[in-house]
Amino acid sequence: MNAYDFSSIEAKWRKQWREDQVYRIENNSEKPKFYVLDMFPYPSGAGLHVGHPLGYIASDIYSRYKRANGYNVLHPMGYDAFGLPAEQYAIQTGQHPAKTTEENIARYREQLDLIGFSYDWSREVRTSDPKYYKWTQWIFIQVFNSWFNKATQKAESIDTLISIFENEGNTEVNAANDADYNFSGGDWMGYSEKRQQEILLDYRLTYISNSLVNWCPALGTVLANDEIKNGVSERGGHPIEQQKMRQWSMRISAYSERLLQGLEKLDWTDSLKEIQRNWIGKSIGAAVHFQVADSDHRLEIFTTRPDTIFGATFMVIAPEHEFVEDLTSNDQKEAVEGYILKAKAKTERDRMSDVKNITGVFTGSYVEHPFSGEKLPIWIADYVLAGYGTGAVMAVPSGDQRDWDFANHFDLPIPAVIEGSDVSEGANEDKGGVLINSDFLNGMKVKDAIKKMLFELESKEIGEKQINYRMRDAVFSRQRYWGEPVPMYFKDGVPYPVAEKDLPIELPEVDKYLPTEDGQPPLGNAKDFTYSPEGDNNSYPIELNTMPGWAGSSWYFMRYMDPQNSDEFVSKDAVDYWQNVDVYLGGAEHATGHLLYFRFWTKVLNDLGLVPFDEPAKKLINQGMIQAEDGQKMSKRYGNVVNPDDIIGEFGADTLRLHEMFLGPIEQHKPWNTKGIEGVHRFLKKLWRLLHDNDGNFTFSEEKANKDELKALHKAIKKVSDDNERFSFNTSVSTFMIAVNELSDLKCNKREVIEPLLVLMHPHTPYITEEVWSLLGNKERIVLAEWPAFDKSHLVESSYAYPVSFNGKMRFKIELPLDLGKEEIEKTVLASDEAAKYLEGTAPKKVIVVPGKIVNIVV
RNA sequence: GCCGAAGUGGCGGAAUUGGUAGACGCGCUGGAUUCAAAAUCCAGUUCCUUCUGGGAGUGCGGGUUCGAUUCCCGCCUUCGGUACCA
């Protein structure tokens, strides 16, 4: 044996570990469980660059560390394999996306294997595998067969709703729904099956609706709100249009409150929780009904400031508001129609870039102010959004800047209702003031005035307290090929779920991946894509939309627990043992997408009694991005991609792992640094030299370790344990370096010290530690070794070099026994020659002594 | 605009509970070894300075404290989220 030959060492152990199946984990164990999960990747054609494995390395270190500490650690990996790029490629080349996906996965696997991860690959999942998406479809059907009971704040089986309908109709039921009609139990019993199914669809947790969606013509599909950034598609940056389309949606809005409250008990970063809170967007206010003058209509508005109602001088409704036509007077008809036409023509982007441009039109109608009786004009303006609240607001120009801008532009009155407001300059949105010009609210503080007004509104029956959420239901249809088929067929225009025994509905073959000529999604190209339920000779059309990318990733963590189960999505035993994820690692960019849907599905499955927890991941760590050396994003386009395979070829996987960790804190963004890699590589060579003589022969000693050697070791045990516990893997690397430097200085290659050190380092650098471990004659793999116990007696010192400060500035050190009392310390320090120099003969004003820490002298 | 996170040497970063600022590594400088190089080793490396010493210093300005990178107030910059949410 000679120099540190990482290539052959790593190849040897890669093979050996695979043969020994050292990373295989059982569902039955006496040990406590621990679940460490990485966000699984989409296998793109470009392969991995050095930024991708950062989080995987960190989670691998943590998994190995936990395993060494006696846990049964579930640490799996798989692929989020459905997605747009494979399909775009298929459209261009005609290759089946399954084929390119397969190839990309093989490439990913090769790269991941080189790095030496401890994944239990027997548990791999792929969302595009029919054996997997069978259960995605099955969960979809469970969601379809559920409704949300607002009284219990839980999803329940649709059967309980049906029996309520049979007995008492829908007037009393408190459900999340889209039904704007009432019926009695008798009515229900008299309805046709079709009508009943249509009604149920308004209550189901997944439902079909004709709703305004974000249509992306370039991608040929609709997109969810979280897939749009700055008014264009996140993928590709294409323009978005608002369109009414028939879509499947999921009623995530029913879970707004629980998704919000659930954040409290999660150990996620504050910034990530804040992003989710903002996205959910809870606001507490009041719904107020304004009687439209000379009309039967009552205009319902939402406001968070009911106290400012006396400052309302006009109403504004969205261009899409349902009353637009009814409220438009004859002489305003032309103007209104022109305005609405213009508003419709604007894309999302135009509207956003047009914020400063104030537009609007008067309808010709008025409402009556419920307290003053004054007539207030109703305007239409696109600064009011149809999708939020009721799509109508009472405009209080002195209290809301947007209303102020609008009033200022159209010359409408701006009366102040808060003391001290300067309405000539702008609105006063401060909630700390006192009410004026407001009848019975005069002199009250805003908070009290809101309470009083709510009471008045409710007693006059013209309004009530209301809570609104910004988060909308999630569109669940994609007009694409490469996704899970929706397991629904249509009979008489009504959707029915496919029977469980007929799942999965497999993706049919098509001859082209584009929409059909009559505008159907790509699945419309399939021949005979129909379904015949048992006992029915007819065949019915199957839903042609596929599921969105987030479907498979919303529950994958459960499948890893029991990946081969063909009878259940996961067995009760497995999910009871493994529970939810203890540590989840991934990027913060999934804050409003994956991480919300992931929580949502978990809550639904929990409500339905299918899993015993209602949050998927207790702790979440967001790893930062590695930028290219030039500070830019690492991308093929800029030609600055660093491939981990190349680094491994030149320095080995241990060096790559160590270097990625040494770059800085895991959650921080940081540029790749090629120079620094030689430093960690040198360190590994130094470790190697510690155990090899000048001729390259392996050498070590069986002698007992002395005090200094044990001190160096136990200092490292303590520090590395602490650091690993708090995911500070960069500082554990520097601790290894310090330990090896000290042992090199001490010329210590004693087994008693080296073996525990190897175990400490093993999570970071599995290959070299396993090699040395086996050279030391160990038969068991280091992968299975126990974490060394820390013994603080090795660190106990009898004296300490006290830093002595004058006015907080460290001047010199003085070695004193640690058992010395405060007074003696003070006396000894003040009597020292060193101190005399700084005291210059004067007595100190004050002396602070913190035993074992510091001495500070004030002069 | 609003919300969140962060600003420390030439560079990546460390300082975990208010207690020696700059650990560890890179880079750089000088030296040893070598015919030479690679590799390795040793010493130095925050800045200023009148250099056996002194002064300044953790984005900027204040404050609390014997003592502040750490706590408080006000600003600046960078990054991330969000974008008329009533």
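What you see is a predicted model; the values in this text were computed from it and never measured.
Taking only side-chain nitrogens and oxygens, A:Arg682 never comes nearer than 4.0 Å to OP1 or OP2 of B:C24. Regarding contacts with the backbone of B:U82, every side-chain N or O of A:Arg277 stays at 4.0 angstrom or more from both OP1 and OP2. Contact check, A:Asn741 against B:G25: a side-chain N or O comes under 4.0 Å of OP1 or OP2. The phosphate of B:G19 (OP1 or OP2) has no side-chain N or O of A:Tyr800 nearer than 4.0 angstrom. The shortest distance between the side-chain N/O atoms of A:Arg811 and the OP1/OP2 oxygens of B:G53 is not below 4.0 Å. Side-chain N/O atoms of A:Lys670 include none lying less than 4.0 angstrom from OP1 or OP2 on B:G12. Residue A:Arg470 has no polar side-chain atom (N or O) positioned under 4.0 Å from OP1 or OP2 of B:U82. The side chain of A:Gln668 places an N or O atom within less than 4.0 Å of a non-bridging phosphate oxygen (OP1 or OP2) of B:G13. Side-chain N/O atoms of A:Tyr388 include one lying less than 4.0 angstrom from OP1 or OP2 on B:A86.
Within 4.0 Å of A:Ser734, counting heavy atoms only, lies at least one base atom of the nucleic acid. Within the nucleic acid shown, A:Phe727 has no heavy atom closer than 4.0 Å to any nucleic acid atom. Within the nucleic acid shown, A:Asn730 comes within 4.0 Å of sugar-phosphate atoms alone, with no base atom in reach, counting heavy atoms only. Contact annotation for A:Pro665: backbone-only contact, meaning every heavy-atom pair under 4.0 Å involves sugar-phosphate atoms and none involves a base. Using a 4.0 Å heavy-atom cutoff across all strands shown, A:Asn856 reaches at least one base atom of the nucleic acid. Within the nucleic acid shown, A:Arg726 comes within 4.0 Å of at least one base atom, counting heavy atoms only.
Residues A:Leu263 and A:Arg599 meet the side-chain proximity criterion, which asks for heavy atoms closer than 4.5 Å.
Side-chain atoms of A:Lys685 lie closest to B:U40 of the nucleotides B:G57, B:U16, B:U40. The side chain of A:Val393 has B:A86 as its nearest neighbour among B:A86, B:C3, B:G25. When distances are taken from the side chain of A:Glu274 to each of B:A21, B:G4, B:C84, the shortest belongs to B:G4. Nearest to the side chain of A:Phe662, among B:A21, B:G12, B:A86, sits B:G12. Relative to the side chain of A:Ser283, the nucleotides B:G55, B:G25, B:A86 differ in distance, and B:A86 lies closest. Taking every side-chain heavy atom of A:Thr592 into account, B:U82 is the closest of B:C66, B:C41, B:U82. Each of B:C26, B:A86, B:U20 was ranked by its minimum atom distance to the side chain of A:Lys813; first place goes to B:U20. Between B:A23, B:A86, B:U40, one nucleotide has an atom nearer to the side chain of A:Ile738 than all others, and that is B:A23. Which of B:G19, B:U16, B:A14 sits closest to the side chain of A:Thr731 comes down to B:A14.
Taking the six-membered ring where the residue is Trp, A:Phe729 and A:His764 present perpendicular rings, their angle passing 60° and hence far from 30°. By the 30° and 60° cut-offs, the orientation of the rings of A:His590 relative to A:His594 is perpendicular. Taking the six-membered ring where the residue is Trp, A:His681 and A:Phe6 present perpendicular rings, their angle passing 60° and hence far from 30°.
For A:Lys282, the NZ atom is densely surrounded, since the number of other residues' heavy atoms within 6.0 Å is greater than 12.
The closest donor-acceptor contact from the side chain of A:Asp693 to the backbone of A:Asp695 lies under 3.5 Å. Side-chain atoms of A:Ser438 never come within 3.5 Å of backbone atoms of A:Leu435 as a donor-acceptor pair (strictly under, hydrogens ignored).
As rounded to the nearest Å, B:U58 and B:C71 have C1' atoms that lie 16 Å from one another. B:U65 and B:C51 have their P atoms separated by 39 Å, with the value rounded to a whole Å. Comparing B:G25 with B:G62, their C1' atoms sit 37 Å apart, to the nearest whole Å. One C1' atom belongs to B:A36, the other to B:G27, and the distance between them is 25 Å to the nearest Å. Comparing B:G61 with B:G57, their P atoms are spaced 9 Å from each other, to the whole Å. Annotation: B:G7 and B:G53 have their C1' atoms spaced 34 Å apart (nearest Å). As rounded to the nearest Å, B:G31 and B:A38 have P atoms that lie 14 Å from one another. Remark: the separation of the P atoms in B:U69 and B:C60 is 11 Å, to the nearest Å.
Comparing A:Asp270 and A:Lys853 along RNA chain B, the residue whose closest nucleotide (by nearest heavy atom) sits nearer the 5' end is A:Asp270. Judged by closest nucleotide on RNA chain B, A:Pro803 is the one of A:Pro803 and A:Arg305 placed further toward the 5' end.
When each of A:Asp405, A:Asp403, A:Thr359 is checked for a side chain to side chain donor-acceptor pair (under 3.5 Å) with A:Tyr383, only A:Asp403 meets the rule. Applying side-chain contact (heavy atoms from CB on, under 4.5 Å) to A:His659 and the options A:Thr674, A:Val733, A:Ile57, A:Ile677 leaves one that passes, A:Ile677.
When base pairs are accepted only as Watson-Crick or G-U wobble with both N-N or N-O distances under 3.5 Å, RNA chain B takes part in stems of 3 or more pairs at B:1-7 with B:76-82, B:10-12 with B:24-26, B:27-32 with B:40-45, B:46-49 with B:53-56, B:59-63 with B:71-75.
Residue A:Lys719 places a side-chain atom within donor-acceptor reach of the base of B:U16, judged by atom type and a 3.5 Å distance cut-off alone. Within 3.5 Å, a donor on the side chain of A:Lys809 pairs with an acceptor on the base of B:G57, or the reverse.
Applying the 90° cutoff around 0 to the glycosidic angle, B:C26 is assigned anti. Nucleotide B:G9 is shown with a syn base, its glycosidic torsion being within 90° of 0.
Electrostatic pairing of A:Glu264 and A:Lys273 does not count as a salt bridge here, judged by no charged N lying under 4.0 Å from a carboxylate O. A salt bridge does not link A:Asp833 with A:Lys837: none of the charged nitrogens is closer than 4.0 Å to a carboxylate oxygen.
A:Trp279 has its CH2 atom 17 Å from the P atom of B:G80, to the nearest Å.
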